[in-house]
Amino acid sequence: NPYQAAFDLPGWGFYVADRIAQHLGFPADAPSRSRACMLYVLEMAANEGHTAVEKPQLENKMSELFQIETEAFDAAFQKMVTEGDLVCRTVDGFENDLVYLGHLFEAERRIAAHVDRLLKAPLPVSRFDRQALIQEVIENLAIEPSAQQAGILEAILQHRMAIITGGPGTGKTTLVRAVCTLYKRLGKSVFLAAPTGRAARRLAEVTGREARTIHRMLLYDPDQEGFQKSEKDPLDADVVIVDEASMVDVVLMRHLLDAVSTKSRVVLVGDRFQLPSVGPGNVLSDLIDAGAIPVFELTEIFRQAAESPIVLNAHRVRAGQMPVMEPKTDPDELQEFYIIEQASAESAARQIVEMVASRIPDTFGYDPIRDIQVLTPMHKGIVGTIALNQALQQALNPQSPGIEVFGTTFRIRDKVMHLRNNHQKEVYNGDIGIVEDFDKRHQKILVRYDDRPVPYEKEEIQELTPAYAITVHKSQGSEYPAVILPLMGIHYPMLQRNLLYTALTRGKRLVILIGTQQAIRAAVENNRASNRLSTLKAMLADLKA
DNA sequence: TATAAAAA
Ligand SMILES: Nc1ncnc2c1ncn2[C@@H]1O[C@H](COP(=O)(O)OP(=O)(O)OP(=O)(O)O)[C@@H](O)[C@H]1O
């Protein structure tokens, strides 16, 4: 069965393989072919973020791409539904029947069931004087919470499940610190987690407590391709708090809630207008829309001044309008937001390097390594992280002694990020440090994380990447004095509104957008996150009824 | 119509 192998081919690889198989005379109506094609169409939809497809659309695709028509379609469809590969349902709010991959249906169904289970479980009556306790916690915080934050802090206590939302820089993560402290003060254990390593690291920095990726918290086992934590072995925490929840897909949320016992509480924190999950679903957005879980929203922005052009442009982008530069009154006056047009990727890359190395330090006084962060949509390409890191290193740190590992050089003074959890060394994906020393004789380097030096043997250096430029995905949750964001035609597959919104709200005092008008427009106009087809909201409504 | 994350 050639379709067994072909199915592993990514994207259009399957389509091409099918054409070849057809050309070689493999029967077009073979059941194995129909089955593989059906899975392919649904996988492609999942790739675009959908958890299900309307049945007529599935039929159209099967006909268009593979000329599999009614009879063959029905035969394959029935068999797959019977065997559990597919689930077909009539769902409120959808004109046509929906077809799901079995595991995505199961993920959404279980999330809804878990939310229902947690919301129905009564909370024990608290014997504490809540007001006095909250007052005490607030007085001991490094950052004094706003009235809005303090109000949510108190309200959160009264719910087994809650959502904290609000725009970028409104202090959601900062509020988590207070929530943590309060629960600790009540003698409750708190687990903190985030979908990306970098966001987990940032959460740990803001709260001063351990925070892990959701995968690490659930003890992901790559051999089993599954999680050790589950209903049978739930998370041993009174409170589980997940930050940057917009990036959690349906499958991960299912496993997370599988592992939350009815004795625990859950707080989801995130902003649905920032990046959606890489995998299918729109979990946070659906949960907010469903209205079953209490939602607390922060509105006051702390990261930038309210009248900052960064904030103004973030609002424009969120509303689907092009970002704009303020008209200059005085030619020498410095701005907070710049849009610089560059037609080619090469010239954009050159200008980014020049800005980081000299223009921004000279005119704004920012330190290239500490204060300026280049964010880019992709890893590959001339304006991807890999090439930009090379070029930036060449400009910022060309001379220091260093070591080359698989084509990447690490020199003393380089800013680096650790990528692969290393439990012995206690360094994890998302940790950012500076190369402090290089031992030429033993081919070792020393990386300093805050105040902790960590030695790397030569074979371990591949767990690092230079971090002058990182992806927008990894930057979600973090903030930097100055941000440079290239948006070019070659980033096309990544250009979407949420990505631009997330990237430019990372900057505290300076944001420079470099690219083509076309690419910026493509990003602003592409609101595909909100076009994801998902049914979690409908399933929750169903349970309520 | 290929890209972003997670894990080793
Ligand atoms: N009550 C406050 N007073 C002063 N500054 C605050 C307050 N709350 C938060 N901040 C500051 O605002 C900035 C943004 O806060 P934070 O990172 O918590 O926002 P966020 O809502 O989590 O953002 P994002 O959506 O980007 O993750 C931080 O520099 C933080 O120190």
Side-chain angles (χ1 to χ4, degrees), chain A residues 9-17 40-41 43-50 61 64-65 193-202 211-229 242-256 270 274-281 283 375-381 383-386 417-425 427-430 459-460 462-463 465 469-478 485 487-503 519 522-523 526 528-529 532:
Chain A
L9 293 172
W12 284 91
F14 174 87
Y15 180 76
V16 173
Y40 170 78
V41 171
E43 292 282 357
M44 290 293 268
N47 220 349
E48 286 167 27
H50 310 301
K61 280 273 184 227
E64 262 171 46
L65 294 174
T196 71
R198 185 58 215 145
R201 182 70 209 137
R202 157 86 180 161
R212 297 168 287 181
T213 60
I214 299 171
H215 281 74
R216 189 150 89 78
M217 180 174 74
L218 297 177
L219 304 178
Y220 180 76
D221 181 350
D223 294 333
Q224 304 279 323
E225 291 187 341
F227 299 91
Q228 276 183 43
K229 288 290 165 187
V242 177
D243 203 354
E244 303 306 343
S246 69
M247 295 173 89
V248 181
D249 67 31
V250 282
V251 174
L252 188 56
M253 185 58 85
R254 175 231 139 134
H255 287 291
L256 174 73
Q274 293 184 47
L275 283 167
S277 54
V278 171
V283 179
L375 303 179
T376 168
M378 288 166 60
H379 289 299
K380 287 184 206 152
V383 276
T385 58
I386 300 165
M417 178 163 56
H418 189 93
L419 292 176
R420 186 184 197 264
N421 294 342
N422 188 324
H423 298 88
Q424 283 97 51
K425 292 178 131 44
V427 281
Y428 301 97
N429 175 12
E459 316 75 63
E460 295 171 322
Q462 44 181 312
E463 296 177 0
T465 176
I470 67 170
T471 60
V472 177
H473 275 79
K474 285 199 168 44
S475 80
Q476 187 162 313
S478 297
L485 173 73
L487 278 192
M488 310 293 303
I490 49 169
H491 297 138
Y492 190 77
M494 290 302 299
L495 298 180
Q496 57 168 126
R497 191 181 296 174
N498 300 45
L499 179 125
L500 175 55
Y501 183 69
T502 302
N526 183 346
R528 65 184 170 216
R532 289 181 174 204

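Each chain gets a letter, A, B and so on, in the order the sequences are listed, and its residues count up from 1. Keep in mind that the numbers below use all heavy atoms, side chains included, and drop hydrogens, waters and symmetry copies.
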note: R198(A), atom CZ; dA6(B), atom P; distance rounded to Å ~ 12 Å
note: H418(A), atom NE2; dA5(B), atom P; distance rounded to Å ~ 16 Å
Assert: residue with more 5' nearest nucleotide on DNA chain B, out of N422(A) and D249(A), is D249(A)
_Test your reading of the model: is there a side-chain donor-acceptor pair from N421(A) to the backbone of Y428(A), 3.5 Å cut-off?_
no
Rounded to whole Å, CD of Q496(A) lies from P of dT3(B) at a distance of 15 Å
Looking only at dA8(B), dA4(B), dT3(B), the nucleotide nearest the K380(A) side chain is dT3(B)
- prompt: When all nucleic acid strands are considered with a 4.0 Å heavy-atom cut-off, which category describes M247(A): base, sugar-phosphate, or nothing?
  reply: nothing
Here the distance between atom C1' of dA5(B) and atom CZ of R212(A), to the nearest Å, is 18 Å
Of the listed dT1(B), dA6(B), dA4(B), the closest approach to the V278(A) side chain comes from dA4(B)
Among the nucleotides dA5(B), dT3(B), dA7(B), whichever has the atom closest to the side chain of T196(A) is dA5(B)
So does H255(A) get a side-chain nitrogen or oxygen closer than 4.0 Å to the phosphate oxygens (OP1/OP2) of dA6(B)?
no
All N/O donor-acceptor pairs, side-chain side in residues 469-478 of chain A, below 3.5 Å, sequence neighbours left out:
unit_1, atom_1, unit_2, atom_2, d
T471(A), OG1, K474(A), N, 3.2
S475(A), OG, V472(A), O, 2.8
Q476(A), OE1, L275(A), N, 3.0
Q476(A), NE2, E244(A), OE1, 3.0
Q476(A), NE2, S246(A), OG, 3.3

* Taking the six-membered ring for Trp, are H255(A) and F227(A) parallel (under 30°), tilted (30 to 60°) or perpendicular (over 60°)? -> tilted
Pick base, sugar-phosphate or nothing for G197(A), based on heavy-atom distances below 4.0 Å to the nucleic acid.
sugar-phosphate
Taken to the nearest whole Å, CG/L495(A) to C1'/dA4(B) is 12 Å
From CE of M253(A) across to C1' of dA6(B) the rounded distance in Å is 15 Å
_Under 4.0 angstrom between T213(A) side-chain N/O and dA7(B) OP1 or OP2_ = yes
Regarding the side chain of M378(A), the nearest nucleotide among dT1(B), dT3(B), dA8(B) is dT3(B)
Closest of dA8(B), dA6(B), dT3(B) to the R420(A) side chain is dA8(B)
Quick note, M494(A) side chain, CB onward, closest among dA2(B), dA6(B), dA4(B) is dA4(B)
- Have a look at H379(A) and say if it touches a base, only the backbone sugar-phosphate, or nothing, with a 4.0 Å heavy-atom cut-off. sugar-phosphate
### Task
Look at the side chain of N47(A) and the base of dT1(B), then say whether one donor and one acceptor between them are separated by less than 3.5 Å.
no
Sequence neighbours excluded, the answer for side-chain contact (heavy atoms from CB on, under 4.5 Å) partners of R497(A) is V317(A), N527(A)
Base, sugar-phosphate, or nothing for N429(A), non-hydrogen atoms under 4.0 angstrom? sugar-phosphate
From CG of L65(A) across to C1' of dT1(B) the rounded distance in Å is 12 Å
Discussion item. Looking at dA6(B), I'd like to know if its phosphate oxygens (OP1 or OP2) sit under 4.0 Å from a side-chain N or O belonging to K474(A).
Written reply: yes
M44(A) CE to dA2(B) P, in whole Å, measures 8 Å
Taking for H423(A) and for R528(A) the nucleotide of DNA chain B with the nearest heavy atom, the one nearer the 5' end belongs to R528(A)
Please determine whether the number of non-hydrogen atoms from other residues, nucleotides or ligands lying under 6.0 Å from atom NZ of K229(A) exceeds 12. yes
Counting only side-chain nitrogens and oxygens, does S277(A) get under 4.0 Å of the OP1 or OP2 atom of dA5(B)?
no
Problem set entry | salt bridge (Lys or Arg N to Asp or Glu O under 4.0 Å) between E460(A) and K425(A), worked out | CA-CA 10 Å; E460(A) 295 171 322; K425(A) 292 178 131 44; 2.7 Å; yes
